[in-house]
Amino acid sequence: MNSSAPGSAPASAPGKVILFGEHAVVYGRPALAVPVTQVHADVNVSDSSRSGIWIDAPDINLHAELNTLPSDHPLASVIHNFLFISSRVSSSPLTSLPGGEGKFPNLEIKITSTIPVAAGLGSGAAVTVALTRALASHLNYSMTDEEVNAFAYEIEKIHHGTPSGIDNTVVTYARPVYFVKGQAMETFKVGKPFTIIIGDTGISAPTKESVSDVRRLWLTDKSRWETIFDKIAEISFTARRAIEQGHWEILGELMNENHQLLQKLTVSSPELDGLVAAACNAGALGAKMSGGGRGGNMLALVRPDLAETVSASLQEAGARNTIITQIS
Ligand code: PMV
């Protein structure tokens with residue numbers, strides 16, 4: 001977390017994990033996602049005595065003035081577009097956003113994140129949300145959660161093609177979300193807390209590619225893939241009810257079924273399948289890949305007393321990192 005010096009504006013946003021429904025969510029089906037607060041992006045904005053907007057992001061070895069970055073750089077696009085909507089500059093690549101003329105401020109922006117990049121944990125959305133809130137706070141520009149979410153979605157669209165909007169929504173509200181693309185944010189209650197383990201393959205896989213591969217499949221035989229999306233939708237719907245009613249044990253079987261459907265969509269990988277099998281062999285109640293797939297993370301449902309054992313088995317099976325987290 002940032003220490004808050006006088007005149008500085010800190011903001012933080014959590015990681016997220018998709019429990020059920022990834023990929024199908026792009027086609028209008030519901031998905032469930034929850035924040036992962038063990039990992040987070042932190043941003044601090046303060047006035048600068050030097051001219052320009054200086055970005056210090058040591059995790060990605062970036063120390064630069066804004067205008068030396070290409071305009072499509074993910075951090076540059078957040079800052080440029082924020083300055084535009086808050087009426088500090090008069091042009092923006094996001095023509096759908098309202099904006100106006102204004103003065104360019106001199107700023108120091110420090111960005112750190114413990115969320116693995118391109119691993120399905122929402123690192124991009126978390127940095128966007130934390131950066132937007134820190135800029136808004138420092139520059140006294142009032143933004144509601146809805147506005148932060150809508151802005152972060154526009155930024156996701158620049159970098160991810162056709163995102164459903166689930167990442168920015170969970171990260172903005174930092175609450176469990178039942179997400180249907182284009183519909184108002186719906187949160188859900190967790191009847192009884194349950195434990196999941198997130199296992200990282202260590203393979204960085206751009207979501208944009210798996211999403212466009214699924215689109216290619218869908219275009220070849222829409223009715224076949226729509227049937228798969230409908231099955232995933234049924235799983236998400238059943239899972240939500242089970243979570244709300246505190247019947248979390250049945251989520252294991254639902255995870256296994258969801259994973260098999262994601263395999264059919266070709267978005268799993270030998271590494272993800274290996275970790276899913278390792279978790280189940282070690283006593284998990286079920287497991288699945290999570291997020292875009294091909295790499296990134298998987299998750300396993302465990303009874304709390306088995307969490308350490310399953311986590312150790314995942315690491316033996318090649319997981320780069322594991323996070324044990326309680327969903328409540
Ligand atoms: O890889 P992640 O965690 O950013 O999740 C992507 C989820 C997809 O459904 C595959 C894409 C989307 O935009 O919803």
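Counting starts at 1 for both ligands and their atoms, following the listed order. For this chain, numbers begin at 1 and follow the sequence in order. Here the structure is a predicted model, which means the values were calculated and not measured.
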Hey, is V267 touching ligand 1 through its side chain, its backbone, both or neither, going by heavy atoms under 4.0 Å?
neither
Does a side chain donor of either H259 or D273 reach within less than 3.5 Å of an acceptor in the other side chain?
yes
Starting from atom 3 (O) of ligand 1, which protein heavy atom do you reach first, and at what distance in Å?
K16 NZ, 2.6 Å
Pull out every atom of ligand 1 sitting under 4.0 Å from any heavy atom of G120, numbered as shown with elements.
1 (O), 2 (P), 3 (O)
Heavy atom of the protein closest to atom 4 (O) of ligand 1 (residue, atom name, distance)
D167 OD2, 2.8 Å
Looking at E22, E234, E226, which hits salt bridge (Lys or Arg N to Asp or Glu O under 4.0 Å) with R29?
E226
With distance as the sole criterion, is a donor-acceptor pair present between the side chains of E156 and T128 under 3.5 Å?
no
Nearest neighbour of atom 13 (O) of ligand 1 from the list G165, S123, S164, on a heavy-atom basis:
S164
Would you mind listing which atoms of ligand 1 come within a distance below 4.0 Å of any non-hydrogen atom of I18?
5 (O), 7 (C)
Against heavy atoms of G292, which atoms of ligand 1 measure under 4.0 Å?
1 (O), 2 (P), 5 (O), 6 (C), 10 (C)
E22 heavy atoms, cut-off 4.0 Å: which ligand 1 atoms fall inside?
9 (O)
Any ion pair linking E244 and R241 (charged N to carboxylate O, less than 4.0 Å)?
no
The atoms of ligand 1 lying under 4.0 Å from a heavy atom of P163, numbered in the order shown, are 13 (O)
Quick one: do L83 and M143 end up in the same hydrophobic cluster if we chain Ile, Leu, Val, Met, Phe, Trp and Tyr together by side-chain heavy atoms under 4.5 Å apart?
yes
Quick check on contacts: which atoms of ligand 1 are under 4.0 angstrom from a heavy atom of T207?
1 (O), 2 (P), 4 (O), 6 (C)
Looking only at side-chain N and O atoms, does E108 offer a donor or acceptor that is under 3.5 Å from a partner on S46?
no
Within 4.0 Å of some non-hydrogen atom of I166, the atoms of ligand 1 are 14 (O)
Which residue and atom name correspond to the protein heavy atom nearest atom 9 (O) of ligand 1, and how close is it?
H23 N, 2.8 Å
For residues R294 and T207, is any side-chain donor paired with an opposing acceptor at under 3.5 Å?
no
Tell me, yes or no, whether the heavy-atom count around F237 atom CZ, taken from other residues, nucleotides or ligands under 6.0 Å, exceeds 12.
no
Taking only heavy atoms of V25, which atoms of ligand 1 are found under 4.0 Å from at least one of them?
9 (O), 14 (O)
Salt bridge (charged side-chain N to carboxylate O under 4.0 Å, His left out) filter on E146, not counting sequence neighbours, yields none
